[in-house]
Structure formats: C-alpha cells, structure tokens
Amino acid sequence: MHELSLTQGVVEAITDRLGDRRVAMVRLEIGKLSGVVVDSVRFCFDLVVAGTSLEGARLEVVEPGGRARCRDCSAEFLSDDPILLCPCGSSDVEVLAGMELLIKAVQLAPGEVVPDVRDVRV
Amino acid sequence: MCATCGCSDHSHEHGGGTVIDLEERLLARNDHLASHVREWLAGIEVRAYNLMSSPGSGKTTLLERTVRELGLPCSVIEGDQETTFDADRIRASGVPAVQVNTGAGCHLDAVMVRKALAELDPPAGSVVFIENVGNLVCPGLFDLGENGRVVIMSVTEGEDKPLKYPHLVRTGDIVLLNKVDLLPYVDFDRAKFLRCLRQVNPHAPVLEVSARTGEGLADWYEWLSR
C-alpha cells in the first residue's frame, strides 16, 4: 500500500507550494507501468485530504500507456504489461513511457489568489 | 505548458479557480533526500545495499552470517513493521544495528534511512546493509540512497515469483536464490525460475546460496567487495 504514502506526499508537496489556499482540483499523471494503482490513490486521496486545504478537491488522473525500445532488435513497441517483452522475445528493453509519477497541475478554489510567482518553484 | 489548454502561462483562470502547473514528481522529496544520503555515504566511503524480499526468504539469516564473514566493518538498518527481533539478532552477531519500525508502513523510505544512518554513524570504509520490510511490492519504488539493490528469493517460494512481482524484481542489481540446501526436499525448478527472472530482469547476476550452510556465499562476498 505504497499509494498511501505517495498520496500523503502529494498533499504535502501542494501545501508546501500553496500554503493554505484552498484547492479545487488536483491532476496527477500515473503511468501504467509505474506500479502505482490509481484506484488505491483515489481511495487514499479522500482520506488524506480531510482537514487540509485540499479537502473536497476533485482528483483527475491521466494514465500514459507504456512504450519501450528493445535493446536487442531496436524495435519500439507499446505495452501496458509490467512484464515487458518485445515481440522478438527479448526482455532487455528500455522503458520510454509509462513510468510517469507526476503532480501535473492544481486548480485553486474560486476566489483564491495565485501565489506570487516567485513562490512557485516551477 | 498548461496541462489543461496547452498555453504557455504557468497560472491563469480556467472556469472556476486559477490553474497552476506544477510538473512535480510524486517521489521528488524522497528522491531528493536519497540523493543526499548517497552523497553523504560517498563522502565517507561507505557502501550501502538495499535488501528486498518477501517475508521469510532468509534476509536476516543471510546478514547474520555476512556481517561475521565479509571481512569488512559492517552495520545494519533493520526495517520491520514491528518488533526489534531482527536488530537484536544482528547485534548478537557483533555489529551495530538500528531497528526502524514502520508501523502501518509497508516499506522503508529515504527519510527513515537518513534518520537511521545518523543514529548508526557508520565508520568510513564500512558497509551498511539496509534490510527492507519483507514485501515484494512497495519497497521497489523508493530510492534509499543505496549503492546496490539485492533481491533475495528462496527455493521454498514459487519459481514464478519474479513474474508475479515484476516491478520490484526488475530493479535488482543482483539476485540471491537462498536456501539451496533445501533443493533435495522441495519441488523447485531452477531452470523455470531463471526463465521467469530473465523475463523481467535480463542481466542481474544470480547467485545460488544457502545462508544456513554457507554454500555459495564466497561469490556474494566477492560481489560486495568488488
């Protein structure tokens, strides 16, 4: 259940940046090869935002699919299976996409003022 | 770039409240601390190894023997949800150990390791073993600042385990197959195990060992001393 600590980390990272400004929406990017279960993140999100400036925020999750390049035959292929096998049979592959774990964006609640841009480490 | 509309402003109105693009990695804080741990260890020429396996694979037994036989000063960070049993066993082998109890947590993270290292205060030139919580899922995601990841499996587990836990097994720099002294008594197919392992981790060296009898451990010590 590493999703619990990951989701707690999301709340901490956002409140570190935005202080107590109320947040209406959080958008995450969780790649399909990342090993993180989106349903578990959703379950944990409602628990860990309780009592914070994110309480009631909508959670949007973008899930990029997996893409890899075979080191043996150089082919690129798509796969969301964590056991990444190239059609040529090789498992010696470089993952190009699908491992993403990002906080993409947040939307402040209406009326909340944008923090000074110098406070936002972008 | 705005993740909603693709424009280049970092913050602007979007029907409702203002959208702010963050583009921050979920593991940024852990990875940042882990890189500090790695630098700190390098500065005092200490090597650290993250040992990951399911419960009961023999990690602690392996460490009890390793810290006695390796021939280098060693210390151990023990991760378990509860109890100090494992740290007590390591101390009984004659080396310092710090127990980290994760409570409800299922893995060690860089915050815990940094705190444990401060308490352990390993001497220059020594080796630190970090025995992660017995779990083949969660520990794989968290960089602890280690120099190498050791995945331990045993012949009393299924040969197909690498395929069942591909995320963690893929990250291993070396795989130890433990309890090979039990091979005559269990239906463990080594060839099938290797086939399964190679589908998720094509290159890590595989050492067949018995922490109980000492079989194969010379190669493990050589890998640690390389």
Side-chain angles (χ1 to χ4, degrees), chain A residues 1-10 12-14 16-18 21-30 33-37 41 57-58 60 62 71-72 81-85 89-93 95 99-115 117 120-122, chain B residues 1-5 9-33 102-112 133 135-142 160 162-171 195-203:
Chain A
M1 196 56 175
H2 48 289
E3 285 81 2
L4 178 59
S5 58
L6 283 178
T7 312
Q8 284 168 329
V10 168
E12 282 167 23
I14 291 172
D16 278 357
R17 294 233 192 157
L18 302 178
R21 291 174 186 82
R22 286 173 302 118
V23 171
M25 182 277 292
V26 174
R27 183 177 300 122
L28 304 180
E29 190 168 280
I30 298 177
L33 299 177
S34 67
V36 173
V37 180
V41 172
R58 191 172 79 254
E60 292 183 6
V62 183
R71 291 197 180 95
D72 283 336
D81 190 330
I83 301 162
L84 280 169
L85 285 180
S90 172
S91 61
D92 190 3
V93 302
V95 177
M99 297 292 283
E100 299 83 356
L101 284 175
L102 284 173
I103 306 170
K104 289 295 284 182
V106 295
Q107 183 171 30
L108 297 177
E112 288 287 357
V113 180
V114 185
V117 88
V120 182
R121 293 168 287 144
V122 288
Chain B
M1 192 178 75
C2 170
T4 298
C5 65
D9 287 348
H10 280 299
S11 59
H12 49 267
E13 291 292 327
H14 245 298
T18 306
V19 173
I20 303 172
D21 294 335
L22 294 178
E23 294 286 341
E24 178 165 326
R25 287 178 301 120
L26 259 68
L27 290 165
R29 184 159 179 265
N30 183 79
D31 292 351
H32 178 74
L33 286 172
T102 58
C106 48
H107 58 269
L108 294 176
D109 63 30
V111 179
M112 300 173 194
V133 179
N135 177 345
L136 278 175
V137 183
C138 311
L141 205 53
F142 294 85
D160 51 3
L163 295 183
K164 291 180 172 173
Y165 301 96
H167 293 286
L168 184 147
V169 174
R170 176 178 297 126
T171 69
R195 276 199 308 276
C196 293
L197 176 68
R198 289 311 181 207
Q199 286 188 43
V200 293
N201 190 328
H203 295 306

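All chains are named by letter (A, B, ...) in the order of the sequence lines, taking the proteins before the strands, and each is independently numbered beginning at 1. Keep in mind the model is a prediction, meaning the values are calculated, not measured.
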What part of B:Leu141 gets within 4.5 angstrom of chain A, counting heavy atoms only: side chain, backbone, both, or neither?
side chain
Nearest atoms (heavy-atom pairs only) where A:Leu101 meets B:Leu27
CD1-CD1, 3.9 Å
Would the distance check show the side chain of A:Ser91 and the main-chain N or O of B:Pro202 forming a donor-acceptor pair, the cut-off being under 3.5 Å?
no
Can you tell which part of A:Ala24 gets under 4.5 Å to a heavy atom of chain B, answering side chain, backbone, both or neither?
neither
Roughly how far apart are A:Arg27 CZ and B:Ile20 CD1, rounded to 0.5 Å?
12.5 Å
Least distance between heavy atoms, A:Leu102 atom then B:Glu23 atom
CD1-OE1, 3.8 Å
Can you list the residues that meet the ring-ring contact (aromatic ring centres under 6.0 Å, His included) rule with B:Tyr165, with sequence neighbours excluded?
none
Does any heavy atom of chain B fall under 4.5 Å from the side chain of A:Leu28, the backbone, both, or neither of them?
side chain
Quick one: pull up CG in A:Asp92 and CD in B:Gln199 and give me the separation to the nearest 0.5 Å.
13.5 Å
For B:Arg170 and A:Leu84, which heavy atoms make the closest approach, and how far apart are they?
NH2-N, 4.0 Å
Over all heavy atoms of both residues, which pair between B:Leu22 and A:Arg17 is shortest? Give the atoms and the distance, please.
CD2-NH1, 3.2 Å
Heavy-atom distances under 4.5 Å only: say whether A:Val106 touches chain B with side chain, backbone, both or neither.
both
Which atoms of A:Ser34 come close to chain B, meaning under 4.5 Å heavy atom to heavy atom: side chain ones, backbone ones, both, or neither?
backbone
B:Arg198 CZ: over 12 foreign heavy atoms closer than 6.0 Å
yes
Which portion of B:Arg29 sits near chain A, non-hydrogen atoms under 4.5 angstrom
side chain
Could you look at A:Val113 and say if it's the side chain, the backbone, both or neither that has a heavy atom under 4.5 Å from chain B?
neither
A:Glu12 versus chain B, the contacting section by heavy-atom distance below 4.5 Å
side chain
Where the side chain of B:Glu24 meets the backbone of A:Ile103, is there a donor-acceptor pair that is under 3.5 Å apart?
no
Minimum side-chain heavy-atom gap B:Val137-A:His2 below 4.5 Å
yes
Any idea which of A:Pro110, A:Ser90, A:Gly111 has the most non-hydrogen atom pairs under 4.5 angstrom with chain B?
A:Pro110
